[in-house]
Amino acid sequence: MPEVTPPLRQQPQKPQVLYITSRGHSGSTLLSLLVSGHSQVVSAGELKMLTNPDPTRRLCSCHRLAPDQCPFWSQVQQHVIEAVGRPLDQLVLGDDGDDATFLRHNQALFTAIAAVSGSGLIVDSSKSLPRLSRLLAANAQGADFVLYPVHLHRGPFGSMNSARKRGDQLRSAAYNYTRLFFLTRERLHGVQALRVYYERLAAKPREEMARVMEWLGLPLEEGQFQWRDGIRRDIHGNDMRFGHSDQIRLDQSWRRQLSFSQKMGVLVWTLPVRLRSAWLFRRLRLWIKPGVSPFP
C-alpha cells in the first residue's frame, strides 16, 4: 500500500471515523489508546461488539460496565434510539441486514458518539474487514460520516506465536495470516489508507504516532503518551485497557517461545507477505549480512 497524503477534511461537521483493520492481537488497542489520547479524539473501541449477546464481551473502559449501564454509553444509546428506534445491541454493525439499514444505523451511532463525547474524530477498532468493506461502501454512497482506514499489521513471527498460544496450528494460522493480508490489500486498493506496523509503533511510539497524526491532519500532543491519565470509552479490547502503567513494550516473546523449526516454517509459509510488504522485505534483505539474526 503506497504512502498517501493526509486526507482532506472538507466537511468537518460530519463525524470523522478512524477505522483500524487488523488481525487479532496485532496492537489495535494500543494504537486506539494512543490516538484517543488526543484532545479532539474519542476511542469507541470495537463497535462491532455492541451487538454481542454476552455482556462481558462488551464492557466499556470507563466504568467496566455493559453499555446500557454505563453513563456515557447510555447517553449514546438514547441518541441512537431517538434516531433509528433501536438500542445499541440491536443495531446492524456487521455483515447482517441490508446495506441501507447498515448505513442508517452506523451513521446514527457515529453521530451519537460525536455528540455525547464532543469529539470530532472517533476511533473504531473493530478490526473486521467485512465491516470495513461495508463502511467504505456506505461512505461512497454519501454517508453522514467520513472514514479514514488504517491497516495495522504485525510481523509474522509475533502474530503466529500469539496464534499458537491460543491453540491454533501454525501452518493454518500462517495461511490465514497471508490470506487476510492480501484480502485487506485488495480491499484498500485505490482507497486513501495508512499502513501501520505494530513493531514500529511499539518500538518507536513517538516517531510512529507523529506519522499517524500528520496523516490525520492533527498535531501530536504530549497527552497521547500519558494515556492512563485520560478517560477512555472503548468497548471490548485487550485487557491493557485496565492496567496502570503507560509504558509501551515491544512484545518479542516469540524469539524464545518458537523453536528454530517453527521459525523456519513461519518464514516459508508467510514469505508472500514479506515480498509484498516493503518494510518486511527490507528486514528480509538484512538477513544476508554477516552477524545479523535471520529473524527480525
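- Shown here are the side chain to side chain donor-acceptor pair (under 3.5 Å) partners of D251, two or more places apart in sequence or in another chain: R154, S253.
- Sorted by first and then second residue, the ring-ring contact (aromatic ring centres under 6.0 Å, His included) pairs involving residues 77-108 (not counting sequence neighbours) form an empty list.
- The salt bridge (Lys or Arg N to Asp or Glu O under 4.0 Å) pairs that include a residue from residues 169-179 number zero, where partners must be two or more places apart or lie in different chains.
- For R86, there are no salt bridge (Lys or Arg N to Asp or Glu O under 4.0 Å) partners at least two apart in sequence or on another chain.
- Residues satisfying the side-chain contact (heavy atoms from CB on, under 4.5 Å) criterion with P205, sequence neighbours excluded, are F225, I248.
- Between Y177 and H153, the ring center distance clears the sub-6.0 Å criterion.
- With sequence neighbours excluded, the residues forming a ring-ring contact (aromatic ring centres under 6.0 Å, His included) with F110 are F145, listed by chain and number.
- Checked for salt-bridge contact, R211 and E208 meet the test: a charged N lies under 4.0 Å from a carboxylate O.
- Qualifying side-chain contact (heavy atoms from CB on, under 4.5 Å) partners for N176, counting only residues two or more places apart in sequence or in other chains: R23, S172.
- Every residue two or more places apart in sequence or in another chain that forms a side-chain contact (heavy atoms from CB on, under 4.5 Å) with P71 is listed here: H63.
- The stretch residues 106-124 participates, sequence neighbours left out, in these side chain to side chain donor-acceptor pair (under 3.5 Å) pairs: N106-R131, D124-S126, D124-R131.
- In terms of the salt bridge (Lys or Arg N to Asp or Glu O under 4.0 Å) criterion, E186 has no residue partners (sequence neighbours excluded).
- S74 places a side-chain N or O within donor-acceptor distance of the main-chain N or O of D68, the cut-off being under 3.5 Å.
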Quick one: do L136 and N139 satisfy side-chain contact (heavy atoms from CB on, under 4.5 Å)? Show the steps, please. CA-CA 5 Å; L136 285 169; N139 204 220; 5.5 Å; no
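- Counting only distance, with no hydrogens or angles, the side chain of W73 and the backbone of R233 share a donor-acceptor pair below 3.5 Å.
- Looking at K263, its side chain does come within 3.5 Å of a backbone N or O of R255 through a donor-acceptor pair.
- Ring planes of Y148 and W215: perpendicular class, angle over 60° (limits at 30 and 60°).
- Residues passing the salt bridge (Lys or Arg N to Asp or Glu O under 4.0 Å) test with D95, sequence neighbours excluded: none.
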How far apart are the C-alpha atoms of L220 and H38, what are their side-chain angles, what is the distance that settles it, and do they pass the side-chain contact (heavy atoms from CB on, under 4.5 Å) test? CA-CA 8 Å; L220 184 67; H38 194 280; over 6 Å; no
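- For the 3.5 Å distance criterion, the side chains of R232 and S43 fail to qualify, holding no donor opposite an acceptor.
- For R256, the salt bridge (Lys or Arg N to Asp or Glu O under 4.0 Å) criterion is met by no residue, not counting sequence neighbours.
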